[in-house]
Amino acid sequence: MAKFRTARGLSRNTLAEAVAVNRQTIGYLERGDYKPSLELAMKICRVLQQEVEAVFSLDPFDPVPAHVRRMKERQAGGDQ
């Protein structure tokens, strides 16, 4: 979630105010220490202009380096 927030140029405070929660709640969500309600998840995604599935998942997201490596491998395989 933090990458989407920072990509939109939002601070934790700004996002928290936009969805009517405490700034600490945003920190807990970004660290994975807290699971949002469906309503909160949808509010956050509206502000971030992202689909819920892009921001939240039942399965852990891959680390960014692993994701980038897989994308490069797919691109290299498609060039052949």
Side-chain angles (χ1 to χ4, degrees):
M1 188 172 89
K3 68 180 179 178
F4 293 113
R5 177 180 56 76
T6 56
R8 303 248 338 125
L10 300 173
S11 68
R12 285 183 180 169
N13 279 338
T14 304
L15 179 56
E17 288 174 7
V19 298
V21 297
N22 188 296
R23 180 184 73 82
Q24 291 174 319
T25 301
I26 301 301
Y28 294 144
L29 288 166
E30 289 181 349
R31 288 190 302 276
D33 295 339
Y34 176 75
K35 305 295 185 233
S37 67
L38 179 57
E39 180 181 1
L40 178 55
M42 292 176 74
K43 286 179 179 180
I44 289 169
C45 290
R46 179 183 288 165
V47 173
L48 298 178
Q49 298 179 345
Q50 294 292 323
E51 298 293 325
V52 172
E53 297 85 0
V55 181
F56 299 101
S57 175
L58 294 175
D59 300 316
F61 289 107
D62 289 336
V64 172
H67 178 74
V68 170
R69 183 175 52 252
R70 266 198 318 282
M71 288 184 65
K72 286 181 180 179
E73 289 170 357
R74 284 186 202 142
Q75 288 174 347
D79 292 341
Q80 296 176 1

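This one's a predicted model, so the numbers in the text were calculated from it and none came from an experiment. Throughout, numbering of the chain's residues begins at 1 and tracks the sequence. Reckoned from all heavy atoms, side chains included, excluding hydrogens, waters and symmetry mates.
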According to side-chain hydrogen bond (donor to acceptor under 3.5 Å, both in side chains), who are the partners of [X], at least two apart in sequence or on a separate chain?
X: R46; value: none
X: E30; value: R5, R12
X: S11; value: T14

**Q50: partners by side chain to side chain contact (heavy atoms under 4.5 Å, CB included), with sequence neighbours left out** = F4, L48, A54, V55

**Asked** Can you find a pair of side-chain heavy atoms, one from M1 and one from I26, that are under 4.5 Å apart?
**Response** yes

**Asked** Can you tell if the side chain of I44 reaches within under 4.5 Å of the side chain of L29, non-hydrogen atoms only?
**Response** yes

**Asked** Can you name the closest pair of heavy atoms from C45 and V52 and give their distance?
**Response** SG-CA, 3.5 Å

**Request:** Could you pull out all residues at least two apart from E51 that satisfy salt bridge (Lys or Arg N to Asp or Glu O under 4.0 Å)?
**Result:** none

List, one per line, each side-chain donor-acceptor pair under 3.5 Å for residues 33-41, sequence neighbours excluded.
from: D33; atom 1: OD2; to: R31; atom 2: NE; distance (Å): 3.1
from: S37; atom 1: OG; to: L40; atom 2: N; distance (Å): 3.0
from: E39; atom 1: OE2; to: K43; atom 2: NZ; distance (Å): 3.3

